[in-house]
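Both backbone and side-chain heavy atoms feed into the values below; hydrogens, waters and symmetry mates do not.
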Amino acid sequence: MASGANCKALWGIELTAEGAANFGQGAAAVNKPFGYDQDIAPSVERNINRRYNLGSRAAARYSHGMFVGNLSISCDLTTPFLLELLFGSYTKTGDDPYTYTFSETDTLPSAEVQLAETLDDGVLFRQLLGCVAKSGSISIDANSNEPIRLSLDMAFASEKRSNAVPAAFDSVWKAGGVDTIEPFMFGHAKWYAWTGSAYAPIADTDTVDIKIDHGTELKPSLGSEFPTRASHGMRRWDISTVTKFNRASPYMDALYGDALSATPTVPGAPKYVGTTDGTKGLELKIVAAGTTPLTYTFEFSKCIVTQHSNPVKGPDDELMESVELMASACSLVVTNAPAEPARK
């Protein structure tokens, strides 16, 4: 019986051997593993249409349109390199271990994902080309014993299949195709808000869900049934969080436009969480154990509350606040990280 135990997966940024962008044409180096507990689900639509002739109600033949590939990926958040597909670029500084600073770019890189599946009657080797991120999310839940997960919703432009696994794939897999970093749990994460002089923890935070949507579409051109480029729309950061409601809420203050005072007031215009101009807002910090811990620091700017809920229930239930926010931008700094496998 074939199962996930009979499958292997690697990925790499689509670059030529000279380092130029290479959308849909494959990567010069496919050598990066995914995080643990991978869920990788490609699907393909060929846009088949029925064609009819006069004189019969039955379809006479079929035509096919644009190749549409969809790819969902979910795995534990461990090594940072998969996040380049969501941010667009990074710079590396320092010596091993390294610091990676991710910055948002208007054009996202594409990737090649390779899957080797051992079936009952042989091998299926799939090369998914032109893989670009449509959206992505990170979910943290203090009521879950699952590690922190990274999910990507992607599209891909075309695919190559064969019944033989290349020697290069096997070589990379044997040398380092499996992740080796300890997964992050909710206990490694803290959620902060800017107070005017520093980021301070928002105590008793139960959940934080972060999503980015790039509005990505793969576009066709005359002369090919496969997409030839990626188009990215408006970038949107959305944040959901649930917190115990046992102290003054920075979320409610931002939504109503002013801090709580002894004078009853009606809501004013909403304000940013954090600084007046929004340059400092909310921060998610994920810190591994150890003396030089791998650390992720996500900083969100221009954070504005769009919805606040504060249900009041019976004495068996804690007072909680459920909050929906938008953010304009996010920066990411990853410290004490390993070296990235060769890009090309």
Treating [X] as the side-chain partner and [Y] as the backbone partner, does any N or O pair qualify as donor plus acceptor under 3.5 Å?
X: Ser144; Y: Asp141; result: no
X: Thr241; Y: Thr207; result: yes
X: Thr263; Y: Ser261; result: no
X: Asn31; Y: Ala342; result: yes
X: Asn47; Y: Met66; result: yes
X: Thr79; Y: Phe81; result: no

Task: Listed once per pair and sorted, the salt bridge (Lys or Arg N to Asp or Glu O under 4.0 Å) pairs that draw on residues 325-343, sequence neighbours left out - done: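 Those involving residues 325-343 are Lys32-Glu340, Glu84-Arg343, Glu340-Arg343.
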TODO: May I ask you to decide whether Asp213 forms a salt bridge with Arg236, counting only side-chain N to carboxylate O separations under 4.0 Å?
DONE: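 Result for this pair is yes, salt bridge flagged.
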Task: Note: Glu299-Lys280 ion pair, threshold 4.0 Å (strictly below) - done: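 Counted as a salt bridge, because a side-chain N and a carboxylate O are separated by less than 4.0 Å.
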Task: Any donor-acceptor N or O pair under 3.5 Å, side chains Ser63, Arg51 - done: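 Checked: Ser63/Arg51 side chains show no N/O donor-acceptor pair below 3.5 Å.
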Greater than 12 external heavy atoms within 6.0 Å of [X]'s [atom1]:
X: Asp95; atom1: CG; value: no
X: Leu319; atom1: CG; value: yes
X: Asp106; atom1: CG; value: no
X: Phe23; atom1: CZ; value: yes

Task: Distance, nearest 0.5 Å, that separates CG of Leu152 from CD1 of Ile212 - done: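 One gets 11.0 Å once the value is rounded to the nearest 0.5 Å.
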Open item on the list: Distance check, rounded to the nearest 0.5 Å: Ser110 atom OG versus Leu129 atom CG?
Closed with: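 CG of Leu129 is found 9.0 Å from OG of Ser110.
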Determine the interplanar angle of the [X] and [Y] rings, folded into 0 to 90°, and report it as parallel if under 30°, tilted if 30 to 60°, perpendicular if over 60°.
X: Tyr296; Y: Phe184; value: perpendicular
X: Phe102; Y: Tyr100; value: tilted
X: Tyr199; Y: Trp194; value: perpendicular

- [ ] In sequence, state the C-alpha distance, the side-chain angles, and the governing distance for Ile202 and Tyr251, and then conclude on side-chain contact (heavy atoms from CB on, under 4.5 Å).
- [x] CA-CA 10 Å; Ile202 299 179; Tyr251 305 121; 3.1 Å; yes
- [ ] I would like to know whether Thr297 and Glu283 meet side-chain contact (heavy atoms from CB on, under 4.5 Å); could you show each step before the answer?
- [x] CA-CA 7 Å; Thr297 303; Glu283 183 180 83; 3.5 Å; yes
Open item on the list: Tell me which pairs pass ring-ring contact (aromatic ring centres under 6.0 Å, His included) where either residue lies in residues 116-147, with sequence neighbours left out.
Closed with: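 Found Phe125-Phe169.
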Any non-hydrogen side-chain atom of [X] less than 4.5 Å from a side-chain atom of [Y]?
X: Val323; Y: Thr243; value: no
X: Asp179; Y: Asp76; value: no
X: Ile40; Y: Trp11; value: no
X: Leu10; Y: Lys8; value: no
X: Met326; Y: Asp238; value: yes

- [ ] Could you walk me through whether Asp277 and Thr279 pass side chain to side chain donor-acceptor pair (under 3.5 Å), step by step?
- [x] CA-CA 6 Å; Asp277 62 2; Thr279 52; 2.9 Å; yes
Task: His188 vs Val287, side-chain contact (heavy atoms from CB on, under 4.5 Å): CA-CA, chis, key distance, verdict - done: CA-CA 5 Å; His188 295 112; Val287 184; 5.7 Å; no
Task: Derivation of the side-chain contact (heavy atoms from CB on, under 4.5 Å) call for Leu15 and Asn22 - done: CA-CA 5 Å; Leu15 300 172; Asn22 200 37; 5.5 Å; no
Open item on the list: Quick check: closest heavy atoms across Arg229 and Pro220, and the distance to 0.1 Å?
Closed with: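 For Arg229 and Pro220, the tightest heavy-atom pair comes out as NH1-O, 3.5 Å.
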TODO: Any pair with a residue in residues 321-338 that passes side chain to side chain donor-acceptor pair (under 3.5 Å), sequence neighbours left out, goes on the list, sorted by first then second residue, please.
DONE: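 Found Ser240-Glu324, Ser249-Glu321, His308-Glu321.
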Task: Verdict with reasoning, Glu14 to Gln25, per side chain to side chain donor-acceptor pair (under 3.5 Å) - done: CA-CA 7 Å; Glu14 283 191 318; Gln25 303 303 309; over 6 Å; no
